[in-house]
Amino acid sequence: MTEHVKISDGGNGVRLIVIDRPQKKNALTGAMYDAMRVALEEADASESIRAVVFAGQPGMFSAGNDLADFLGQARNGFSDAPALRFIRQLARTDTPMIAAVDGIAVGIGATLTLHCDLVYASPVARLRMPFVELGLVPEAASSYLLPLRVGRLKATELLLLSEMLDADAAVALGLVNAVMPADMLVDHALAQAARLAALPQGALAASRQLIRGDRDRVEAALEAEARAFDAQLQSPESQQRLQAFLSRSKPA
């Protein structure tokens, strides 16, 4: 579907999804979102895939949306965008998910991890959610999930002021399980995924559901965000900020 998402399945029941667009800091296009969504749908439908690991390239997990591509995809509204289809799939995926975050994790690169069952990071991992800066609102149910994890005050700081989190701070807040050397990061995530895949699947699924809580609340938050995101996306304020960002990011 796209050469920028590499999907491989091990014989131990683990699927590895690698974001592979280093020349654009792993910024995500509509085609990349669709490829990852399909990979998750296939995992849920498969009896042999029992855990999924997300990873990026060395030093970069994902810079978030490719804004030029995203604005083109969202011309008919955010509700039709591949990004939202992927986010909805994240929230409903039954297969355990693990993130291996090395380097930058911006926007969806950060909020994706809130849906993962385990998260590991390298020492240079940096998480940031700059939605309001761009005249937008949080997405991927982060306005609901992040306060549950870190408390309302800290979530406000991270979502409204777009504060950067380094790996140690993310561990202290409970957003990351552990910091691993970069050269061991993906292997460690794959090993933990293999441990999950080897567990009794009925007990694993039931326990995961109990730990994660009410999926309906997550999906309701996700949809409320999507409506607000769509409204902001059409606003002159957002359009001005997004275009200014695009102008700055273009090479001279």
Side-chain angles (χ1 to χ4, degrees), residues 17 19 26 28 33 36-37 39-40 43-44 51-56 61-65 78 83-122 125-132 136-179 189 192-193 196 208-226 228-229:
I17 300 174
I19 306 169
N26 284 353
L28 297 167
Y33 278 121
M36 293 193 295
R37 173 181 55 79
L40 292 178
D44 271 1
V52 171
V53 172
F54 288 100
F61 186 65
S62 175
N65 277 314
F78 185 53
L84 184 56
R85 292 198 294 268
F86 169 69
I87 287 169
R88 286 172 172 147
Q89 182 58 47
L90 268 181
R92 65 173 65 108
T93 294
D94 292 320
T95 306
M97 297 177 288
I98 296 177
V101 180
D102 185 15
I104 57 170
V106 177
I108 185 64
T111 57
L112 177 157
T113 67
L114 297 173
H115 294 271
C116 291
D117 300 273
L118 297 168
V119 181
Y120 300 99
S122 76
R126 299 291 184 270
L127 284 72
R128 189 166 180 262
M129 293 164 276
F131 305 110
V132 178
L136 299 170
V137 300
E139 38 84 306
S142 56
S143 64
Y144 173 72
L145 292 171
L146 194 60
L148 287 180
R149 296 277 188 90
V150 304
R152 183 178 61 82
L153 291 178
K154 190 64 180 179
T156 298
E157 183 179 71
L158 296 174
L159 291 173
L160 299 192
L161 298 180
S162 308
E163 293 291 341
M164 181 84 75
L165 275 182
D166 64 22
D168 289 336
V171 170
L173 286 172
L175 296 174
V176 167
N177 290 88
V179 178
Q192 297 295 83
L196 291 177
R208 184 177 186 266
Q209 184 174 1
L210 289 167
I211 292 167
R212 294 170 73 86
D214 190 343
R215 180 183 290 180
D216 289 343
R217 291 188 179 183
V218 175
E219 293 191 355
L222 189 158
E223 297 301 334
E225 289 174 350
F229 196 103

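Everything numeric here is computed off the predicted structure, so don't read it as measured data.
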May I ask you to test the Thr111-Pro138 pair for a side-chain heavy-atom distance under 4.5 Å? no
Given Glu139 and Ile87, is the side chain to side chain contact (heavy atoms under 4.5 Å, CB included) satisfied, shown in steps? CA-CA 8 Å; Glu139 38 84 306; Ile87 287 169; 4.2 Å; yes
Residue pair Arg88 / Arg37, side-chain heavy-atom distance below 4.5 Å: no
Would you say Leu40 and Met97 make side-chain contact, with heavy atoms under 4.5 Å? yes
Could you measure the distance from the CD atom of Glu157 to the CG atom of Leu165? Nearest 0.5 Å is fine. 8.5 Å
Value rounded to 0.5 Å, distance of CZ in Phe131 from CD1 in Ile108: 6.5 Å
Is there a donor-acceptor pair under 3.5 Å between the side chain of Asn26 and the backbone N or O of Ile19? yes
Run through Val176, Leu175, Leu112 and flag the one making a side-chain contact (heavy atoms from CB on, under 4.5 Å) with Val119. Val176
How far apart are the C-alpha atoms of Leu118 and Leu196, what are their side-chain angles, what is the distance that settles it, and do they pass the side chain to side chain contact (heavy atoms under 4.5 Å, CB included) test? CA-CA 10 Å; Leu118 297 168; Leu196 291 177; 4.1 Å; yes
Residue pair Phe54, Met36: steps toward the side chain to side chain contact (heavy atoms under 4.5 Å, CB included) verdict: CA-CA 9 Å; Phe54 288 100; Met36 293 193 295; 4.2 Å; yes
CZ of Arg217: more than 12 outside heavy atoms within 6.0 angstrom? no
Criterion side-chain contact (heavy atoms from CB on, under 4.5 Å) against Ser142, the qualifying member of Leu158, Leu114, Val137: Leu114
Quick one: closest heavy-atom pair of Ser122 and Val179, and the distance? C-CG1, 3.8 Å
Stepwise, does the side chain to side chain contact (heavy atoms under 4.5 Å, CB included) test hold for Arg215 with Asp94? CA-CA 11 Å; Arg215 180 183 290 180; Asp94 292 320; 2.6 Å; yes
Rounded to the nearest 0.5 Å, how far does CZ of Arg212 lie from NE2 of His115? 8.0 Å
Nearest heavy-atom neighbours spanning Ala39 and Ile17: CB-CD1, 3.7 Å
So if I apply the side-chain contact (heavy atoms from CB on, under 4.5 Å) rule between Leu222 and each of Leu90, Leu84, Leu145, which one comes out positive? Leu84
Of the non-hydrogen atoms in Ala121 and Ala125, which two are nearest, and what is the gap between them? CB-CB, 3.7 Å
At their closest point, which heavy atom of Ala105 faces which heavy atom of Phe61, and how far apart are they? CB-CD2, 4.1 Å
Could you give the distance from CG (Asp168) to CG (Leu173), rounded to the nearest 0.5 Å? 11.0 Å
Once you measure the plane-to-plane angle for Tyr33 and Phe86, does it fall in the parallel (<30°), tilted (30-60°) or perpendicular (>60°) bin? tilted
To the nearest 0.5 Å, tell me how far Leu160 CG sits from Met129 CE. 11.0 Å
Roughly how far, to the nearest 0.5 Å, is the CD atom of Gln192 from the CD1 atom of Ile98? 6.5 Å
